Protein chains: 2
Amino acid sequence: MTGKTFAPAPPEPLPRDLFDPDCLPNPVPIRFSEKWAWLVLRCLEPGPRRFSELRVPLHWVTPKVLTETLRSLERDGLLTRTEFQEHPPRVEYELTTLGHSLFGPMDAVCGWARENLGRLLAAREAHPAPSK
Amino acid sequence: MTGKTFAPAPPEPLPRDLFDPDCLPNPVPIRFSEKWAWLVLRCLEPGPRRFSELRVPLHWVTPKVLTETLRSLERDGLLTRTEFQEHPPRVEYELTTLGHSLFGPMDAVCGWARENLGRLLAAREAHPAPSK
DNA sequence: CGGCATCCCGAAGGATACTG
DNA sequence: CAGTATCCTTCGGGATGCCG
């Protein structure tokens, strides 16, 4: 065990601090990494929406994935799911206060994107799948 | 178009607007979805770092993945990679102005996380892997 | 030192079909 | 209408090992 090049099996089992907002295992950055969460929240910004109403702007998301996304957002208290006992069934999704409060930081990111997307894409152009 | 329940094979092949900062295929939100990009940028915030220096705080990231992350950030013009012709070889990574400008919005998100992580985790507690 | 080349695996995500 | 159930593909990421 002297020849090992790297990390001789460090005792610590990845002590990443869940409460460090910078740390990726932190649920918040993770939230942004969920593929559709971002857009789903946006679609709910104007007000409550039904499942099928959400499917229109998100028609390229399969119902399964949409459901999963909605449930995970519900688990984190960002939106509520209300089931009306009617026929045909009806379910409404609505942002919580917590959910709404996310738009602040989200807008900051979107603002950055709006301003710098051009540079970013230009940089991509400039790096033409390099040497390889 | 009467019998089909949903989208009778809509002609549009997913017309997600790459230039809409809200849209997930947009490179900016995507950037946050890359598992380590966020942390790598943070590690470079104080100043230029060598590959091996980055490996210390990110010791649970394999060199391969770290390289991939760095390259993708380089492609987008968020950092630069400088190779010094020395022996042994030496490479430094440094944030660009564009890269630095990302901390504004990132801090907004982190601030949100700092304030609301508790509620978020509490909400998770309250939803005990529901009915199923 | 700072990588890249390979091989590999598990989980995320997609397509399709079917129900309460 | 609002999902669930299944099945299948993709691919991010990990574990070596080699090279300039």
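Note that the coordinates shown come from a computational prediction; the quantities given were computed from them, not determined experimentally. Residue numbers begin at 1 in each chain, while the letters A, B, ... track the order of the sequences.
When rounded to the nearest whole Å, the span between CD of B:E74 and C1' of C:dG2 equals 14 Å. Between A:K35 atom NZ and D:dT10 atom P the separation is 13 Å, expressed in whole Å. Between A:R71 atom CZ and D:dA2 atom C1' the separation is 9 Å, expressed in whole Å. Computed from coordinates, the B:E86 CD to C:dG2 C1' distance equals 13 Å when rounded to whole Å. Whole-Å rounding puts the B:L66 CG to D:dG12 P distance at 16 Å. With rounding to whole Å, B:H59 atom NE2 is found 13 Å from D:dA15 atom P. Rounded to an integer number of Å, the gap from CD of B:E34 to C1' of C:dA12 is 16 Å. Distance CG (B:L70) to C1' (D:dG12): 16 Å, rounded to an integer number of Å.
Using a distance-only test at 3.5 Å, with no hydrogens or angles considered, a donor-acceptor pair links the side chain of B:W112 to the main chain of A:S101.
Here the side chains of B:E94 and B:L44 are not in contact, with every heavy-atom distance at 4.5 Å or above. Taking the side chain as every heavy atom from C-beta outward, B:W36 and B:L73 never approach each other to under 4.5 Å.
For B:K64 and C:dG3, a side-chain-to-base donor-acceptor distance below 3.5 Å is absent, hydrogens and geometry of angles not being considered.
Set against C:dG3, C:dA15, D:dA15, the side chain of B:T62 has D:dA15 as its closest nucleotide.
Within the 4.0 Å cut-off from OP1 or OP2 of D:dG3, at least one side-chain nitrogen or oxygen of A:R81 is found. Considering only side-chain N and O atoms, A:W36 lies under 4.0 angstrom from the phosphate OP1 or OP2 of C:dG14. Proximity of A:R55 to the phosphate of D:dG3: no side-chain N or O atom is located under 4.0 Å from OP1 or OP2. In this model, the phosphate group of D:dA2 is approached by a side-chain N or O of A:R50 to a distance below 4.0 Å at OP1 or OP2.
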Salt bridge (charged side-chain N to carboxylate O under 4.0 Å, His left out) between A:E45 and A:R42, worked out = CA-CA 5 Å; A:E45 191 174 12; A:R42 279 290 178 202; 3.1 Å; yes

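Contact annotation for A:F84: no contact, since no heavy-atom pair falls under 4.0 Å across all strands.
Atom CG of B:L78 sits about 11.0 Å away from atom OG1 of B:T97, to the nearest 0.5 Å.
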